[in-house]
Amino acid sequence: MNRQTIIGLGNWVSVPITVLALAFGFLVEAEAQRSQPQVQAFTITILSTMVVGDTNGIGEWGFAALIDVNGHKILVDTGAHPDTVIKNAHDLHVDLSGVQELILTHNHWDHVSGVLTLRRELMKENPDALSVIHVSDGIFSRRPSESGDRNQMIALRKEYEGTGGRFVVHSSSAELIPGVWFTGPVPRIYPEHNWTSSGKVLTASGLMEDNIPEDSSIVLNSSKGLVIITGCGHAGIVNIAAYAEKHFGNRPIYGIVGGLHLFASTDEVVDWTASKLREFRTANLLAAHCTGVEATFRLREDLGLSRQTAVIATVGSSFSLASGIEVGPLAK
Ligand SMILES: [Zn+2]
Ligand SMILES: [Zn+2]
């Protein structure tokens with residue numbers, strides 16, 4: 001048998017093996033999708049962002065949202081001022097006293113400043129209210145600056161734990177309840193730069209540019225597709241979407257809710273972001289906080305979305321499986 005024949009035989013053998021491997025891969029992925037639990041109903045309500053539609057609401061540079069999955073409620077972030085979320089929730093008739101868990105997406109002040117006010121106020125009605133906070137590794141890292149440490153989380157940790165509260169620190173992703181996935185630190189496979197390059201963070205390798213390594217998001221696995229909730233999206237919304245796709249398989253993105261930190265990005269960056277989000281078949285965008293007005297309109301155009309499906313979030317606006325995006329009582 002000459003060399004040509006051997007190579008030829010190898011090719012004949014490899015074709016069915018390749019076909020089998022591909023078929024097996026599809027089966028594994030299909031099985032993975034089938035075995036992932038889905039949420040049957042959800043509503044996400046914005047409790048802190050810049051825009052309000054009524055004199056009762058407080059707008060601020062900040063973010064907070066309440067996730068309600070089949071009646072199980074989880075608060076995400078707590079706004080920039082100590083009392084914004086408690087006041088907005090009151091005005092919106094949103095009862096937070098039954099909410100036991102809080103997720104802090106990252107250490108920034110515009111997401112964590114309401115923690116102690118909320119915990120102390122809500123404890124009066126329910127000692128378990130906000131008694132557990134999910135965070136990612138790195139949120140307590142020192143952020144030294146000339147005016148002292150910029151990381152409020154270091155002091156906040158002691159005070160919060162003093163109330164009997166407990167932090168759960170995640171170094172990787174975790175399913176918090178069936179169909180609700182906390183990303184933990186997000187792999188940065190695309191070179192998105194959605195943060196301000198002014199801070200430093202102390203890591204095991206020394207003082208580094210602070211790219212907010214702990215930045216985490218939440219992903220709901222709904223019957224219509226994935227729903228991503230971001231605080232500031234410092235990890236990059238495309239990185240977050242790619243990580244969610246890796247976990248859940250090739251499912252469309254039914255919605256993105258929260259801050260994407262594109263307010264200062266160039267048109268080219270926004271266009272690139274949109275081109276990738278198109279690949280993920282993004283159907284809705286409730287753009288809050290640091291997404292930016294211009295970036296939101298550009299994303300709407302680029303993604304082929306409409307005034308109903310790509311909307312600037314207001315305090316009280318919501319996104320649900322049943323109704324999609326709704327502007328909420330404060331914006332009417
Ligand atoms: Zn931030
Ligand atoms: Zn922010």
Side-chain angles (χ1 to χ4, degrees), residues 44 46-52 58-67 75-85 88 102-115 118 133-145 149-156 170 182-186 188 192-203 208-218 228-240 256-265 269-270 273 285-296 299 312-315 317:
I44 302 156
I46 304 295
L47 295 177
S48 163
T49 190
M50 278 84 114
V51 184
V52 290
I58 298 170
E60 61 176 8
W61 174 270
F63 182 73
L66 182 67
I67 302 175
L75 184 64
V76 179
D77 291 341
T78 62
H81 292 85
D83 55 357
T84 301
V85 172
N88 283 345
L102 166 65
I103 292 167
L104 293 178
T105 57
H106 64 298
N107 78 88
H108 286 163
W109 61 276
D110 50 328
H111 299 253
V112 307
S113 293
V115 170
L118 282 160
I133 304 183
H134 296 275
V135 296
S136 282
D137 245 353
I139 199 168
F140 299 113
S141 297
R142 288 188 52 210
R143 266 90 176 178
S145 73
D149 205 303
R150 293 155 51 117
N151 188 355
Q152 288 186 26
M153 287 302 295
I154 295 167
L156 192 149
H170 297 263
F182 180 65
T183 63
V186 175
R188 313 274 175 108
E192 294 175 279
H193 194 295
N194 297 2
W195 67 87
T196 309
S197 302
S198 58
K200 299 275 188 214
V201 59
L202 191 60
T203 71
M208 318 279 280
E209 179 184 345
D210 188 4
N211 67 355
I212 308 99
E214 77 273 17
D215 187 62
S216 305
S217 296
I218 300 93
I228 298 173
I229 301 107
T230 63
C232 263
H234 292 305
I237 187 61
V238 178
N239 283 323
I240 296 163
I256 296 173
V257 178
L260 306 190
H261 214 270
L262 292 169
F263 68 98
S265 298
V269 167
V270 176
T273 305
L285 171 65
L286 183 56
H289 184 32
C290 52
T291 310
V293 174
E294 285 288 341
T296 301
L299 286 170
I312 292 180
T314 56
V315 171
S317 58

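Counting starts at 1 for both ligands and their atoms, following the listed order. Values below: all heavy atoms of this structure, side chains included; hydrogens, waters and symmetry mates excluded.
Judged purely by atom type and a 3.5 angstrom limit, S113 has no side-chain atom pairing as donor or acceptor with the backbone of H81.
Checking each of H289, H193, H108 against H234 for a ring pair (Phe, Tyr, Trp, His ring centres under 6.0 Å) leaves exactly one that passes, namely H108. Of the candidates L66, V257, I44, I67, I67 is the only one forming a side-chain contact (heavy atoms from CB on, under 4.5 Å) with V76.
Take the Zn ion (ligand 2) and draw a sphere of radius 2.8 Å; the protein N/O/S atoms inside it number 4.
Restricting H234 to its N/O/S atoms, the shortest distance to the Zn ion (ligand 1) is reached by NE2.
Partners of R143 under the salt bridge (charged side-chain N to carboxylate O under 4.0 Å, His left out) rule, at least two apart in sequence or in another chain, are D210, E214.
Residues V270 and A295 share a closest heavy-atom pair of CG1-O, 4.0 Å.
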Test log, rule ring-ring contact (aromatic ring centres under 6.0 Å, His included), inputs H111 and W109: CA-CA 5 Å; H111 299 253; W109 61 276; 8.6 Å; no
